[in-house]
Engineer: 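Structure in structure tokens, see below.
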Amino acid sequence: MSAAHQLDERARALFRKAFGYPPGAVAVAPGRINIVGEHTDYNQGFVLPAAIDRHVGVALRLRKDGRVVLHSDRYSMPVEVADLPSRRQGNWADYVFGVADVLRLHTSGSPGFEAAIVSDVPVGAGLSSSGALEVAVAVSLLAARGEAMPPLQIAKLCQAAENVFVGARTGIMDPFIALRARGGNAILLDCRSLEDQYVPLPDGRFVWLLADTRIRHELASSAYNQRRKECEAAANALGLASLRDAKESDLERIENPVDRRRVRHVITEDARVLQAADALRRRSPKGLGPILYASHESLRLDFAVSCRELDCLVELAAGMPQVIGARMMGGGFGGCVLVLLDAAGLDDLEQHLAEGYAEEFHRSPEFYRVRSVDGVMSERTR
Ligand code: ADP
Ligand code: MG
């Protein structure tokens, strides 16, 4: 049984257990990796995500009133409200409320529902558990209502829910890939035009491994907001709408050396995304190696969002012959390192990383071996 089907069955089972009858619709949406393109999305640049075989499943039944009852296998306490709230409550259910609230403007009928949420996407590790949850909620609500909506519109609604309702300034990549992914492919997404292209991933001789530092530094969200501001200010100073339009030749116009490094990261990272897509199209997985390492160095030195734990895992990986390339993935200051390697060397690599990391930090990383999968699946069950 596929990873998505397992989550589908688990969602149905949790729904039955919680409510005593079957759901009206089920949707299962994947988490994702991003091969390269970090801190480029909000600069209107390029990203290269692929969906992975870790999912959030939502089983749901519409109600005739506004009441919302939510069960999640991640959180022991169910959440119940007499009316779908139109502003943030400050708990995990906000992602669900947010999507339902944004969607209510686009659909008819009463806004209440009952839902059971199950997941094997680690929360807060940078694999987009929130994007998978938003998409699964949006798609199951639409399926239950028997309504269709173009994927791009759903992605924008999910992003709006996260930006406006939850209050996290995130880009469109996470919901987009959860909706549009195709197994065996990454998506080259232009975050300005929202044009996307499928790009074939390396075949089964190569695998993606995520090594989770299991560190979540406090700095992460404040630094993220600060980098966004720095990028906006730098674009303004250069007279550009966004750093997407910045060129290498603009760098000498930036006096402050810190600003110059930030801008250089965005320019070079955008170029690396296009190079990586090229390498994949040429069926040259090994061509990705230098790109991944260069991305890490740029994030470490120019953008200054890495940390010792991430650097340690990348260095350990780089020393192993089966490894093609590695880099930190996500906003930074913790989370996961993404490694591309020869499948035959997987067990050895995990052991090497676990030992080296424990020696340095007296804790073990967590590993996720991931495969690429299709985007969201849904079914109306009555
Ligand atoms: P990530 O990198 O995993 O997307 P975020 O901080 O963006 O991290 O999103 C994590 C949030 O998403 C959680 O705090 C919670 O509110 C919500 N979430 C994720 N998975 C689940 C789940 N299975 N059940 C309920 N809420 C979830
Ligand atoms: Mg998220």
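Values below: every heavy atom of this structure, side chains too, minus hydrogens, waters and symmetry copies. Just follow the structure's listing: the first ligand is 1, and inside any ligand the first atom is 1.
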Engineer: If you take all heavy atoms of A59 and A11, which pair is closest and at what distance?
Structural biologist: CB-O, 3.4 Å

Engineer: What residues form a side chain to side chain contact (heavy atoms under 4.5 Å, CB included) with T107, not counting sequence neighbours?
Structural biologist: L103, L142, R145, E147

Engineer: Taking all non-hydrogen atoms of both residues into account, name the closest pair between A138 and C158 and its distance.
Structural biologist: CB-SG, 4.0 Å

Engineer: Between S298 and R272, is any side-chain donor less than 3.5 angstrom from a side-chain acceptor?
Structural biologist: yes

Engineer: Under 30°, 30 to 60°, or over 60°: which ring-plane class applies to F303 and H39, parallel, tilted or perpendicular?
Structural biologist: tilted

Engineer: Could you walk me through whether Q159 and T170 pass the side chain to side chain donor-acceptor pair (under 3.5 Å) test, one step at a time?
Structural biologist: CA-CA 7 Å; Q159 187 193 7; T170 48; 5.9 Å; no

Engineer: Holding to salt bridge (charged side-chain N to carboxylate O under 4.0 Å, His left out), I want the full list of residues that pass it with E230, two or more places apart in sequence or in another chain.
Structural biologist: R227, R262

Engineer: When R244 is tested against each of D41, D270, D190 for salt bridge (charged side-chain N to carboxylate O under 4.0 Å, His left out), which residue passes?
Structural biologist: D190

Engineer: Every pair of nitrogen or oxygen atoms between ligand 1 and the protein that is under 3.5 angstrom apart - can you list them with their distances to 0.1 Å?
Structural biologist:
unit_1: ligand 1; atom_1: 2 (O); unit_2: G126; atom_2: N; d: 3.1
unit_1: ligand 1; atom_1: 3 (O); unit_2: G124; atom_2: N; d: 2.8
unit_1: ligand 1; atom_1: 3 (O); unit_2: S129; atom_2: N; d: 3.1
unit_1: ligand 1; atom_1: 3 (O); unit_2: S129; atom_2: OG; d: 2.6
unit_1: ligand 1; atom_1: 4 (O); unit_2: S129; atom_2: N; d: 3.1
unit_1: ligand 1; atom_1: 4 (O); unit_2: S130; atom_2: N; d: 3.1
unit_1: ligand 1; atom_1: 4 (O); unit_2: S130; atom_2: OG; d: 3.0
unit_1: ligand 1; atom_1: 7 (O); unit_2: S130; atom_2: OG; d: 3.0
unit_1: ligand 1; atom_1: 8 (O); unit_2: G124; atom_2: N; d: 3.4
unit_1: ligand 1; atom_1: 16 (O); unit_2: W92; atom_2: O; d: 3.4
unit_1: ligand 1; atom_1: 24 (N); unit_2: S72; atom_2: OG; d: 2.8

Engineer: Which of these, D174, D196, D374, sits in a salt bridge (charged side-chain N to carboxylate O under 4.0 Å, His left out) with R180?
Structural biologist: D196

Engineer: What protein N/O/S atoms are found closer than 2.8 Å to the Mg ion (ligand 2)?
Structural biologist: S130 OG

